[in-house]
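Take a look at the structure below.
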Amino acid sequence: QVKLVESGGGSVQSGGSLRLSCVVSGYTDSRNCMGWVRQKPGTRSDEGVAFIDSDGITRYGDSVKGRFTISRDASKTTVILEMDSLTSEDTAIYYCAAGRYSRDCLNLYYSSGISYWGQGTQVTVSS
């Protein structure tokens, strides 16, 4: 059974930083995509934030480029999202996501290719 467990959400003031972690267990395919998707308050649509494939290639949504950094630990079972220069526009529930390998994991997400999701962690940025 594949399980994704997020941690690290919370509240921060505008301009601050937060670090999200996601531990992925039970995912046996060594070639894969893992990343983060967010849902802002009052919206039903999700936004791809950042993805990293099993080769370490990263993709970022336009709104977070230059501010967020995604990485994986050596075991490749933990995905980390470092968020800097946060603004109120970053307030959202952040979901960890995992799916099959793709040369463009962000495009995989937008193509509904993600198979597994975490329960989400709230990030609130106050101005």
inquiry  = Assess the residue pair S17 and E82 against the criterion (side-chain hydrogen bond (donor to acceptor under 3.5 Å, both in side chains)); give the C-alpha distance rounded to whole Å, side-chain angles, the decisive distance to 0.1 Å, and a yes or no.
reply    = CA-CA 8 Å; S17 299; E82 302 274 2; over 6 Å; no
task = Evaluate the side-chain contact (heavy atoms from CB on, under 4.5 Å) criterion for residues K76 and M34: first the C-alpha distance (whole Å), next the side-chain angles of each, then the deciding distance (0.1 Å), finally the verdict.
result = CA-CA 9 Å; K76 298 186 179 181; M34 294 183 181; over 6 Å; no
key: Working for side-chain contact (heavy atoms from CB on, under 4.5 Å), residues Q119 and W117   = CA-CA 7 Å; Q119 291 188 318; W117 299 90; over 6 Å; no
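Hydrophobic side-chain contacts under 4.5 Å tie I80 to no other Ile, Leu, Val, Met, Phe, Trp or Tyr residue.
Sequence neighbours left out, the pairs with a member in residues 51-61 that pass side chain to side chain donor-acceptor pair (under 3.5 Å) are R31-D55. Counting only residues at least two apart or on different chains, no side chain to side chain donor-acceptor pair (under 3.5 Å) pair has a member in residues 4-16.
One hydrophobic cluster, built from ILVMFWY side chains closer than 4.5 Å, cannot hold both L81 and L108; they sit in different ones. Placement of I70 and L106 in two distinct hydrophobic clusters is found when ILVMFWY residues are connected by side-chain heavy-atom separations under 4.5 Å, directly or transitively. No continuous path of ILVMFWY side-chain contacts below 4.5 Å connects Y101 to Y116, so the two sit in separate hydrophobic clusters. Note on V37 and V49: separate hydrophobic clusters, where clusters join Ile, Leu, Val, Met, Phe, Trp and Tyr whose side-chain heavy atoms are under 4.5 Å apart, directly or indirectly.
At distances below 3.5 Å, at least one donor-acceptor pair connects side-chain atoms of Q39 with backbone N or O atoms of R44.
Among V79, I114, I57, the single residue meeting the side-chain contact (heavy atoms from CB on, under 4.5 Å) criterion with F51 is I114.
The line from OG of S102 to CG of N32 is 11.5 Å long, rounded to the nearest 0.5 Å. Separation of atoms CD1 (I52) and CZ (R72) is listed at 6.0 Å; rounding is to 0.5 Å.
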Side-chain atoms of residues 90-97: list all donor-acceptor pairs with protein atoms under 3.5 Å, sequence neighbours left out, distances to 0.1 Å.
residue: D90; atom: OD1; partner: R38; partner atom: NH1; Å: 2.9
residue: D90; atom: OD1; partner: R67; partner atom: NH2; Å: 2.9
residue: D90; atom: OD2; partner: R67; partner atom: NH1; Å: 2.7
residue: D90; atom: OD2; partner: R67; partner atom: NH2; Å: 3.4
residue: D90; atom: OD2; partner: T87; partner atom: N; Å: 2.9
residue: T91; atom: OG1; partner: S88; partner atom: O; Å: 3.2
residue: T91; atom: OG1; partner: V125; partner atom: N; Å: 2.9
residue: T91; atom: OG1; partner: V125; partner atom: O; Å: 3.3
residue: Y94; atom: OH; partner: R38; partner atom: NH1; Å: 2.9
residue: Y94; atom: OH; partner: D90; partner atom: O; Å: 2.7

Return all side-chain donor-acceptor pairs below 3.5 angstrom for residues 20-27, not counting sequence neighbours, or 'none' if the list is empty.
residue: Y27; atom: OH; partner: G99; partner atom: O; Å: 3.0
residue: Y27; atom: OH; partner: R100; partner atom: N; Å: 3.4

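The side-chain contact (heavy atoms from CB on, under 4.5 Å) search around N107 returns D104, S111, not counting sequence neighbours.
Residues Y110 and E47 have side chains in contact (heavy-atom distance under 4.5 Å, counting atoms from C-beta outward).
Other residues, nucleotides and ligands place no more than 12 heavy atoms under 6.0 Å from the NZ atom of K3.
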